[in-house]
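Single-structure report; data block below.
Note that ligands are numbered from 1 as they come in the structure, with each ligand's atoms numbered from 1 the same way.
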Amino acid sequence: MNKGSERQRAVFVDRDGVLNDLVYNPEDGQLSSPVSSRQLRVFPYVADAVKALKKLGFEVIVISNQPGVAKRQFTLAEHEKMNEKIRREIAKEGASFDAEYYCLHHPNALIKKYKVVCDCRKPKPGLLLMAAKERGLDLRASYFVGDALVDVKAGRAAGCRTIMVGHLTTFLTKMMEEEDATPDCMVPSLKDVPDLLRNLESRP
Ligand SMILES: [Mg+2]
Ligand SMILES: [Zn+2]
């Protein structure tokens, strides 16, 4: 579908809440990222969605903030184990990511080497810019799929079109307006993204 002269395009995907479920913490009533591979549940539709997106001519690249190591919530080895679990689960159905980029930094990190105000922690677009540079991607023809406003902001700052997964609530609409982070499209889950892109691309 891409002409030879056109640069490669990507669908960037956030990890937690897009590829795998969030974890409910009864102590504070919040949904948060898993802290162990045992806790991590990959959504059942991820492999099919990744394969469908690649068929449409996109690279599929994971872009994720993972400050848990810096905050001593889990080790770097556990971080790797979580990513490996996702890779392994989708590989069972013949799917794989083209690349993965993680920001391990946090301004209040407990581990010194991660305590930096970096350019790669979303909402900053650093990871997207790095991926584009390393892989020769056309950001303006690429999409960022995330479940949070920081994803919309990072995608937009990089010049991508943005897709939010989830459900619109009055609160979320208000937040989008306040933070000036309204996505280009919203769909229930990553499962819906291939059809959405197929429709967008077929428009004259
Ligand atoms: Mg997320
Ligand atoms: Zn960073």
Side-chain angles (χ1 to χ4, degrees), residues 10-25 28 30-37 39-46 49-50 53 60-74 76 79-80 82-83 85-86 89-90 97 99-134 143-158 160 162-169 171-172 175-176 179 181-193:
V11 174
F12 299 107
V13 292
D14 171 45
R15 199 193 83 177
D16 301 321
V18 176
L19 303 179
N20 55 273
D21 212 348
L22 298 172
V23 178
Y24 178 72
N25 181 352
D28 58 8
Q30 302 269 6
L31 286 171
S32 53
S33 297
V35 296
S36 70
S37 60
Q39 246 184 10
L40 187 145
R41 294 270 179 273
V42 182
F43 288 127
Y45 45 76
V46 174
V50 169
L53 291 170
V60 180
I61 299 173
V62 180
I63 301 282
S64 172
N65 288 351
Q66 290 296 330
V69 179
K71 293 179 181 173
R72 293 195 199 278
Q73 290 171 330
F74 48 82
L76 190 58
H79 167 73
E80 283 300 336
M82 287 192 264
N83 301 332
K85 183 170 183 178
I86 303 173
E89 296 264 315
I90 70 168
F97 302 119
E100 298 166 39
Y101 292 86
Y102 299 97
C103 167
L104 299 180
H105 311 114
H106 194 275
N108 305 321
L110 299 173
I111 298 174
K112 207 175 162 199
K113 72 185 254 205
Y114 298 121
K115 189 174 159 80
V116 353
V117 178
C118 62
D119 292 323
C120 54
R121 181 170 161 79
K122 295 178 290 184
K124 289 188 184 164
L127 293 181
L128 293 156
L129 302 179
M130 196 190 302
K133 198 173 167 196
E134 286 182 4
Y143 295 85
F144 193 110
V145 183
D147 68 329
L149 295 185
V150 290
D151 299 317
V152 176
K153 287 181 180 176
R156 222 198 244 180
C160 299
T162 55
I163 300 168
M164 193 161 179
V165 301
H167 296 276
L168 206 53
T169 60
F171 174 72
L172 186 54
M175 290 300 290
M176 285 173 175
E179 307 242 336
T182 304
D184 294 301
C185 305
M186 186 145 188
V187 290
S189 78
L190 182 65
K191 187 182 185 173
D192 307 290
V193 174

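Open room surrounds NZ on Lys191; 12 or fewer heavy atoms of other groups in view lie less than 6.0 Å from it.
For the residue pair Tyr24/Gln30, the side-chain donor-acceptor check at 3.5 Å is not satisfied. For the 3.5 Å distance criterion, the side chains of Glu89 and Asn20 fail to qualify, holding no donor opposite an acceptor. The closest side-chain donor-acceptor pair between Asn65 and Arg15, if any, does not fall under 3.5 angstrom.
Among the heteroatoms counted here (N, O or S) of Asp14, OD2 is the one nearest to the Mg ion (ligand 1).
Ring orientation note: the planes of Tyr102 and His79 are nearly perpendicular, at an angle over 60° on the 30°/60° scale.
At the Mg ion (ligand 1), the angle from OD1 in Asp147 to O in Asp16 is 100° when rounded to 10°.
Using a cutoff of 4.0 Å between basic side-chain nitrogens and carboxylate oxygens, Lys122 and Asp14 are scored as salt-bridged.
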Can you give the donor-acceptor pairs under 3.5 Å from side chains of residues 103-114 to other protein atoms, not counting sequence neighbours?
{"unit_1": "His106", "atom_1": "ND1", "unit_2": "Asn108", "atom_2": "N", "d": "3.0"}

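Sorted by chain and number, the protein atoms of type N, O or S within less than 2.8 Å of the Zn ion (ligand 2) are Cys103 SG, His105 ND1, Cys118 SG, Cys120 SG.
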